[in-house]
Amino acid sequence: MAAGGLGMMTLPVAAEELRLTYGWRGAMLVMGGFSLHSLVACALFRPRGQRIAAESDPRHLGTSYRSLTEEGSSHSQQNVGSMCGGFSCLDAARALMNIELFQRHPASVIVIFSSLLMGLTYSSWIIFVIPNALSKGIPAGEAVTLATIGGASNILGRFLVGFFSQAKVVPDHFTYAFIHVCAAVAFFLNMVVDSFSLLAVLSIVNGFTCGAGVVLHCLLPKVIVLDSFLVAAISLAYLSFGIGEGIGGFLMGAVFDSTGSYNLAFTVAGLVDLSNSLLVAIYISVFRCLKEKRTPNDH
């Protein structure tokens, strides 16, 4: 996931060059072509069969071999083939809209809602970092550089947070809450910062927290959801994140249209980040405390 930040570094520069060369309509057309390549990449993915997954793990190799031998070669090949090639779009939709997930794990609603809030502020910074700098009198070239700086920090945040999570210094939901507090502070400070150097510092903070948040928000379901529901929970979290990105861009743009200032728009984004931090830290902490107090006979 760390490579996702490369887009933040290269797209603003590429988009500006495309706009100067082909106009904004031509630039949007070319960038739409960039996005279509994702369809080709996704079409090449195929689900891995249970046998392939088992053989890749030495711990389960003996069990897998015995079960396949007992079931018979022809039956096993048919079963594996159906698992590898029988996954349809309908199966994907059923896995995504898993109603039992909410019945068994109501707390997953909070994680999904948190992803929506994160999407709001993620797009707010990415979309408006350059216009915000231009409104403060920063030259266009330096304004684009801020997006490049933020993209590099985004890669670093995505890359490092995995090691920090694996070290288990603090629970993932506390790390998630902390980075959103840092992002909120960076949004709030935008009101009093006008120089390029200080805006660059805020870009570093926002880029790092955005990158770390993207990785962490898909780890949150592991705190409250059983493994059998993990795929559905993570999928819904990402879907919610994408919806939030669309709403966030529209919302912050509407705030700017009403006030003529990105300062207020960024302040609203900071309040959303702060609310997201408190929601996750408090709710998941309470949930985990209640979970530890349950007895095996509890429903």
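In what follows, residues are counted from 1 in the order of the sequence shown. As the structure is a prediction and not an experimental result, all values here were calculated from the model.
- The CZ atom of F250 lies 12.5 Å from the CG atom of L120; values are rounded to the nearest 0.5 Å.
- Counting heavy atoms from C-beta on, the side chains of M118 and V214 come closer than 4.5 Å.
- In this structure, OG in S124 is found 8.5 Å from CG in D273, a value given to the nearest 0.5 Å.
- Between the S115 side chain and the F241 main chain, no donor and acceptor come within less than 3.5 Å of each other.
- Contact of the N276 side chain with the F113 side chain is not registered, since no non-hydrogen atoms from C-beta on lie closer than 4.5 Å.
- Between L146 and A133, the shortest heavy-atom contact is CD1-CB, 3.5 Å.
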Requested in this report: Before giving the answer on side-chain contact (heavy atoms from CB on, under 4.5 Å), spell out for C210 and I126 the whole-Å C-alpha distance, their side-chain angles and the decisive distance to 0.1 Å.
Outcome: CA-CA 9 Å; C210 285; I126 291 178; 5.5 Å; no
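- How far CG of D257 is from CE of M252: 12.5 Å, rounded to the nearest 0.5 Å.
- With rounding to the nearest 0.5 Å, the separation of CD in E142 from CZ in F196 is 5.0 Å.
- Taking Ile, Leu, Val, Met, Phe, Trp and Tyr as members and joining any whose side-chain heavy atoms lie under 4.5 Å apart, directly or through other members, the hydrophobic cluster of L160 also contains L156, F159, F163, F208.
- Taking all atoms of both residues into account, the shortest heavy-atom contact from M191 to T267 is SD-OG1, 3.2 Å.
- The side chain to side chain contact (heavy atoms under 4.5 Å, CB included) search around I243 returns L116, L239, I247, not counting sequence neighbours.
- Residues Y122 and N154 are in side-chain contact: their nearest non-hydrogen atoms beyond the backbone lie under 4.5 Å apart.
- Hydrophobic cluster membership of V170, counting Ile, Leu, Val, Met, Phe, Trp and Tyr whose side-chain heavy atoms lie under 4.5 Å apart directly or via other members: F164, V169.
- L29 and Y22 fall into different hydrophobic clusters, where Ile, Leu, Val, Met, Phe, Trp and Tyr residues are linked whenever their side-chain heavy atoms come under 4.5 Å apart, directly or through other members.
- Hydrophobic clustering keeps L18 apart from L20 (ILVMFWY residues linked when any side-chain heavy atoms are closer than 4.5 Å, directly or through intermediates).
- Across all their heavy atoms, A15 and A27 have their closest contact at O-CB, 4.3 Å.
- The closest side-chain heavy-atom distance from S203 to V129 is below 4.5 Å.
- Side-chain N or O atoms of T259 include one that pairs as donor or acceptor with a backbone N or O of V255 at under 3.5 Å.
- In this structure, I110 and L279 have side chains that are in contact, with non-hydrogen atoms separated by less than 4.5 Å.
- Side-chain heavy atoms closer than 4.5 Å link hydrophobic residues (I, L, V, M, F, W, Y) into clusters, and following such links, possibly through other members, connects V111 to V109.
- Between V30 and F34 there is a side-chain heavy-atom pair separated by less than 4.5 Å.
- Aromatic pair H173/Y283: ring centres not closer than 6.0 Å.
- Using a 30° and 60° split on the angle between ring planes, F128 and Y262 fall in the tilted class, from 30° to 60°.
- The side-chain heavy atoms of N206 and F187, taken from C-beta on, include a pair separated by under 4.5 Å.
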Query raised in the report: Can you list the steps and then say if K136 with L199 is a side-chain contact (heavy atoms from CB on, under 4.5 Å)?
Result: CA-CA 10 Å; K136 293 177 179 292; L199 285 174; 4.0 Å; yes
**Report entry** side-chain contact (heavy atoms from CB on, under 4.5 Å) between V144 and I130, intermediate numbers included
**Finding:** CA-CA 6 Å; V144 173; I130 295 177; 4.1 Å; yes
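- Side-chain N or O atoms of S240 include none that pairs as donor or acceptor with a backbone N or O of L236 at under 3.5 Å.
- When every heavy atom of S114 is checked against every heavy atom of V280, the shortest pair comes out as OG-CG2, 3.3 Å.
- Taking the six-membered ring for Trp and the full ring otherwise, H217 and Y176 have centroids separated by 6.0 Å or more.
- A186 and V205 get closest at one heavy-atom pair: CB-CG1, 3.9 Å.
- Hydrophobic clustering (side-chain heavy atoms under 4.5 Å, transitive across Ile, Leu, Val, Met, Phe, Trp, Tyr) groups V192 together with V185.
- Minimum heavy-atom separation, A140 to L134: CA-CD2, 3.7 Å.
- The distance from the CG atom of L202 to the CD1 atom of I149 is 11.0 Å, given to the nearest 0.5 Å.
- Other residues, nucleotides and ligands contribute only 12 or fewer heavy atoms inside 6.0 Å of the CE atom of M28.
- Under a hydrophobic clustering in which Ile, Leu, Val, Met, Phe, Trp and Tyr are joined whenever their side-chain heavy atoms come within less than 4.5 Å, directly or via other members, F174 and V181 fall into different clusters.
- Rounding to the nearest 0.5 Å gives a distance of 10.5 Å between CZ of F178 and OG1 of T209.
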